[in-house]
Amino acid sequence: MAIDIVITQRSLFKKPLTEADLSPAGLRIGHWNQAGVLDPGPAADGRVLCDPAQPGRGCFLQAVPGEKGRAALRQTLPCTPRDLEIFYGLVKHICQVWETVRFTQDGEECRLSDIPRLKEGQRKGCEGFLKAMAERWQADGEGVLTGAVYPIYIEPEAIQRLKGGDLDFFQTYLTEKQTGDWYYAKPNFFRNQNGVDILGLYAITEEVPSILPLEPFVPPLYSIMLQGFSLTAEQVTDWRVSLNRVWEENGETKADTLDYLSFEKFAQKVRLDQCPRYDAKHVIVQVDDLSEVLS
């Protein structure tokens with residue numbers, strides 16, 4: 001479920017959107033990579049925007065600098081109250097730049113004066129969507145949610161709270177999960193020269209706190225973010241972790257891969273099962289001296 005809004009510039013002398021119009025001050029700008037993690041900078045066709053202090057689920061703005069005709073915005077549901085503020089704030093801003101009071105929401109023409117009503121209706125709708133989603137997660141025994149910054153595998157106790165449709169808790173929960181200074185260690189996949197065996201590789205950098213799964217797996221979002229991608233964990237014949245070191249030398253940043261360990265051996269070395277929990281499937285691991293792991 002999502003809210004889809006389209007804004008069309010109809011004036012005779014059309015004004016192009018600028019980078020400043022598409023990136024209002026105070027918002028975090030990026031694009032989602034194949035794992036659903038927010039990477040810096042816009043993509044070729046648009047950008048993800050969110051509040052860095054309360055990331056929520058983020059919204060997608062499909063437009064590039066210089067656009068004169070049409071801008072599209074999408075807000076995934078259920079979302080947080082802060083998401084709705086940002087989403088409709090962007091709608092209002094672009095309408096004002098293009099000197100129009102009209103836009104279409106889900107194919108229906110609306111006016112700027114309708115925004116308070118639309119926003120309140122979406123908030124109530126989000127409560128119901130959240131309840132239904134949480135009930136489905138509980139029935140399935142697992143739930144994954146795309147956030148603005150990270151995908152989150154919901155813990156059972158959080159699912160229980162979300163079944164009540166509490167949007168304030170939802171916002172607090174997403175804020176807690178997405179405002180830490182962490183690296184999300186997503187797997188990359190490589191096919192062996194024999195054309196059959198597949199390597200799944202995570203990367204860990206010395207002194208960098210990283211979100212890493214307790215057990216390696218193929219994220220379900222890959223099949224959504226990458227067209228034509230279909231891979232199961234059973235097809236991956238080897239899971240490894242690359243150990244990396246980054247340092248400065250003569251004012252330049254240097255990097256080196258020290259070695260590769262099997263995921264199982266790395267997990268044993270750093271006592272992965274004793275690291276602080278991030279979500280239902282991940283922990284936060286930090287290795288301050290990779291030499292100890294390699295010894």
Side-chain angles (χ1 to χ4, degrees), residues 1-3 23-43 46-61 73-87 89-90 122-123 126-127 129-130 133-134 137 142-162 165-187 202-205 208-214 217 219-222 224-225 275-286:
M1 298 291 294
I3 315 169
S23 304
L27 296 184
R28 182 172 176 177
I29 313 299
H31 65 277
W32 286 308
N33 65 27
Q34 71 269 28
V37 178
L38 189 68
D39 281 345
R47 62 198 62 206
V48 176
L49 300 103
C50 67
D51 180 347
Q54 293 180 302
R57 303 202 68 188
C59 69
F60 181 71
L61 169 57
L73 296 100
R74 166 167 284 199
Q75 177 63 63
T76 304
L77 301 175
C79 65
T80 69
R82 182 58 179 147
D83 284 328
L84 291 173
E85 291 290 339
I86 291 172
F87 181 71
L90 288 166
Q122 291 297 342
R123 179 180 175 119
C126 281
E127 293 175 356
F129 294 145
L130 187 59
M133 186 176 285
W137 288 336
E142 180 178 271
V144 58
L145 182 80
T146 54
V149 183
Y150 303 126
I152 303 165
Y153 293 80
I154 315 295
E155 304 95 326
E157 57 271 22
I159 291 176
Q160 190 62 36
R161 287 285 304 271
L162 295 172
D166 187 340
L167 291 182
D168 291 332
F169 170 74
F170 188 44
Q171 182 163 291
T172 299
Y173 178 77
L174 292 184
T175 297
E176 175 190 341
K177 295 295 184 184
Q178 299 184 97
T179 51
D181 188 15
W182 306 306
Y183 166 71
Y184 195 98
K186 64 184 184 297
Y202 292 92
I204 290 293
T205 300
V208 175
S210 301
I211 299 170
L212 190 72
L214 282 164
F217 68 100
L221 292 174
Y222 274 51
I224 298 173
M225 308 297 286
C275 291
R277 279 278 184 165
Y278 172 71
D279 64 13
K281 284 195 171 186
H282 297 79
V283 295
I284 299 174
V285 58
Q286 179 171 335

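- The CG atom of Asp279 sits 7.5 Å away from the CD1 atom of Ile211 when rounded to the nearest 0.5 Å.
- The closest side-chain heavy-atom distance from Gln75 to Ile86 is not below 4.5 Å.
- Remark: the backbone N or O of Glu85 is not paired with any side-chain donor or acceptor of Arg82 at under 3.5 angstrom.
- Ile3 has its side chain within reach of Leu84: a pair of non-hydrogen atoms, C-beta onward, lies under 4.5 Å apart.
- Between the CZ atom in Arg47 and the CG atom in Leu38 there is a gap of 12.0 Å [rounded to 0.5 Å].
- Residue Thr76 comes nearest to Cys79 through the heavy atom pair O-CB, 3.4 Å, listed as atom of the first residue, atom of the second, then distance.
- In terms of heavy-atom proximity, Thr175 sits nearest to Ala53 at CG2-O, 3.3 Å.
- Leu212 is listed as a side-chain neighbour of Tyr202, based on a closest heavy-atom distance under 4.5 Å.
- Between the CD1 atom in Ile152 and the CD atom in Gln178 there is a gap of 4.5 Å [rounded to 0.5 Å].
- Contact annotation: the side chain of Pro55 never approaches that of Arg28 to less than 4.5 Å [non-hydrogen atoms, C-beta and beyond].
- Between Cys59 and Phe87 the shortest heavy-atom distance is CB-CD1, 3.9 Å.
- The shortest heavy-atom contact between Pro220 and Phe217 is CD-CE1, 4.3 Å.
- Residues Thr172 and Asp168 fail the side-chain proximity criterion, which asks for heavy atoms closer than 4.5 Å.
- Nearest heavy atoms, Leu49 versus Ser23: CD2-CA, 4.5 Å.
- Annotation: side chain of Ile284 is not in contact with side chain of Cys275 (no heavy-atom distance under 4.5 Å).
- Taking CZ from Arg57 and SG from Cys126, the interatomic distance works out to 9.0 Å, rounded to the nearest 0.5 Å.
- Here the two rings, on Phe170 and Phe129, have centers that are 6.0 Å apart or farther.
- Ring-plane geometry between Tyr184 and His282 is classed as tilted, the angle between the planes lying from 30 to 60 degrees on a 0 to 90 degree scale.
- Rounded to the nearest 0.5 Å, atoms OG1 (Thr80) and CZ (Arg123) are 9.5 Å apart.
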* Under the side-chain contact (heavy atoms from CB on, under 4.5 Å) criterion, do Arg277 and Leu214 qualify, and how do the steps go? -> CA-CA 9 Å; Arg277 279 278 184 165; Leu214 282 164; 3.2 Å; yes
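- Between atom CG of residue Leu167 and atom CG of residue Leu130 there is a gap of 6.0 Å, rounded to the nearest 0.5 Å.
- Between the His31 side chain and the Gly46 main chain, no donor and acceptor come within less than 3.5 Å of each other.
- Put simply, the side chain of Leu162 reaches to within 4.5 Å of the side chain of Trp137, judged on heavy atoms.
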* Determine, step by step, whether Val283 and Tyr278 satisfy the side-chain contact (heavy atoms from CB on, under 4.5 Å) criterion, reporting the C-alpha distance in whole Å, the side-chain angles of both residues, the deciding distance to 0.1 Å, and the verdict. => CA-CA 5 Å; Val283 295; Tyr278 172 71; 5.8 Å; no
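- Pairing each heavy atom of Gly58 with each of Ala148, the nearest pair is N-CB, 3.4 Å.
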